[in-house]
Amino acid sequence: MIGGTARFFGSVIWTGIRYGVHWKPRVFLSWGIYLLWITLIIFGPRWNLSVLLQFAGSIVGWGGFGAWMGAHVPRLVQLFVFFVLPLCGWLFAHGIRTWIGLKKYQRSIDHLGLKTPTGVTPKVVRVVELENKQRRVLVHAVGLDVAQFRDKKGVLESSFNAIVQEVRVTPSNRQMVEILVSDRELPTLVRFDSHAEALRKPYTFLVGETVDGFITADLCEIHHLLIAGATGGGKSVFFKQALVGLLKSSDHVQLYLLDLKRGVEFRVFGTLKNVRVSKDEATAISMLQRVVEEMERRFRFLEEKGFTEIVPERDGLDRIVVAVDEASVLFTVGKMSKESKAAAEGARELTDKIAKLGRAAGIHLILATQKVVKETIDTRVQTNINAKMCFRVNTIASSMTVLGNKKAADLPDIKGRGIWSVGSNDLVVQVPYLDSDEINEEVSGLTAKFNGEASPLKQKMLQTMAPKKKRSKSNTMSQEEIEQFEAEENQDVD
Ligand SMILES: Nc1ncnc2c1ncn2[C@@H]1O[C@H](COP(=O)(O)OP(=O)(O)OP(=O)(O)O)[C@@H](O)[C@H]1O
Ligand SMILES: [Mg+2]
């Protein structure tokens, strides 16, 4: 009986240590300070524990207890009573909370009536609290197909009394099934035109719906943006809606689009007079060079005038946005030809310069990429990009590379669902969707603004044609190289 009780207490405390308590530095610090304080007053010469207990006890008429404790209980035992016991109590409280949570979810799993081939009911081993009112329930289910859980989604939702967002096999342990549960569901489709009125401030674009409402972003505040995620997650759609948003909300903006993988995604934007689209590497590099030259010219201007940053309305200059879809194509130094390698290096250096210095010069970078490894998006570039939109990735490592945490690997498999990360603040969002017909419509609406006589542009577009000799075939990615790149990409990190 006593052994059983001790085992129960021990196992709850152990659960508290393993799951209930997040061993953050703050927790260690708090207990460290408490230990120091308790040691000081127990071993302290004057204001020791006995005196304090006598004082506290006298208020409730138990003054004698403090005196007795001071006189009869060794100081080491006092230390144990006043430090170790509260610590165990605290761990027990966390453990019991976790234990009750596990029992609750276990009952729900029992309701499913599933059994492993050996007749065992799947066991809930852990419930992880996530941000935005989400929880991940880990179930040990050897020999059971994840589809058997998916088929019972309705039963799970009614017994959890919450929304089941996703059921999948844990990537690192095939015997485990993960159930993502949420108290509030984000919509799976958010239409661009339902939120277009949020584009009131210049240089803003739509980000998406969060559990706390719809959010937008201001390019002047975030400066640069990285869009990442596995294939088909919604990078290009987000990219295009962000560009449409920027063009709709702003007047003094020039857009330089580098779309090297296919050259078709952004073709529609090319009809606008304030947009240049480059489809080959040589033109892309020439574009980057002109932008860097313009940046240097702007720095000279700022120095002459004694200003700290470009203000288009005051300085008669436009904000410049350099947007690269499939940035990894431009920067990959893979098994390509010598010229391509040199071109990739050049492009990386120019982009690095823009990422580092562009903000004061009113020059902004938007990079979208499927592959985020240091060979594609230089870590130097990454450290200068504060805002990130990361769609679902397939491995924890990929999520760590982009966000520094595994949140993008935990996302449900919903198109357009991503993590919006600015600084250390991460939010789960459903980003706005607009199809190619809607983009065509939006762009033709914008032609009246930018292509007409009264164009709001403050300066001429930069001359970005590549020198003739550099436009040779060897300097563009050949079909063979694209195919090789795509094959590598599919078996790569994400
Ligand atoms: N916000 C969204 N809402 C709903 N569906 C979306 C959304 N974004 C993308 N999709 C759907 O997902 C498909 C793929 O999106 P998209 O082309 O943007 O992916 P991607 O991440 O750029 O993929 P790749 O890496 O292959 O270029 C779209 O054709 C569309 O059907
Ligand atoms: Mg894409």
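We count ligands from 1, going down the list as the structure has it; atoms in each ligand are counted the same way.
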For the backbone of Val155 and the side chain of Ser159, can you confirm whether one donor and one acceptor N or O come within less than 3.5 Å of each other? yes

Give the atoms of ligand 1, by number and element, whose distance to some non-hydrogen atom of Glu326 is under 4.0 Å. 25 (O), 27 (O)

Are side-chain N/O atoms of Ser249 and Lys201 paired as donor and acceptor at under 3.5 Å? no

Measure from the ring center of Phe239 to the ring center of Phe266 and say whether it is less than 6.0 Å. yes

Got an N/O contact under 3.5 Å between Thr188 and ligand 1? no

Ligand-residue contact atoms, ligand 1 with Gln370, heavy atoms, under 4.0 Å: 25 (O)

Presence of N, O or S from Gln370 under 2.8 Å of the Mg ion (ligand 2): no

Asp259 side chain to Ser278 side chain, donor-acceptor N/O pair below 3.5 angstrom: no

In terms of atom number and element, which parts of ligand 1 are under 4.0 angstrom from non-hydrogen atoms of Leu189? 3 (N), 4 (C)

With a heavy-atom distance limit of 4.0 Å, tell me whether Ala368 approaches ligand 1 through its side chain, its backbone, both, or neither. neither

Among side-chain atoms of Asp280 and Thr283, is any donor-acceptor pair under 3.5 angstrom? yes

Between His224 (side chain) and Ala355 (backbone), is there a donor-acceptor pair under 3.5 Å? yes

Between the candidates Arg191, Gln241, Lys415, Arg392, which shows the shortest non-hydrogen contact distance to atom 10 (N) of ligand 1? Lys415

Is it true that Gly233 lies under 4.0 Å from ligand 1, counting heavy atoms only? yes

Is the shortest N/O to N/O distance between Gly234 and ligand 1 below 3.5 Å? yes

Contact between Gly208 and ligand 1, counting heavy atoms under 4.0 Å? no

Lys235 heavy atoms, cut-off 4.0 Å: which ligand 1 atoms fall inside? 18 (O), 19 (O), 20 (P), 21 (O), 22 (O), 23 (O), 24 (P), 25 (O)

How close do Lys248 and Ala196 get, heavy atom to heavy atom, and via which atoms? CE-CB, 4.4 Å

Under 4.0 Å from one or more heavy atoms of Val431, ligand 1 contributes atoms 1 (N)

Are side-chain N/O atoms of Glu294 and Gln254 paired as donor and acceptor at under 3.5 Å? no

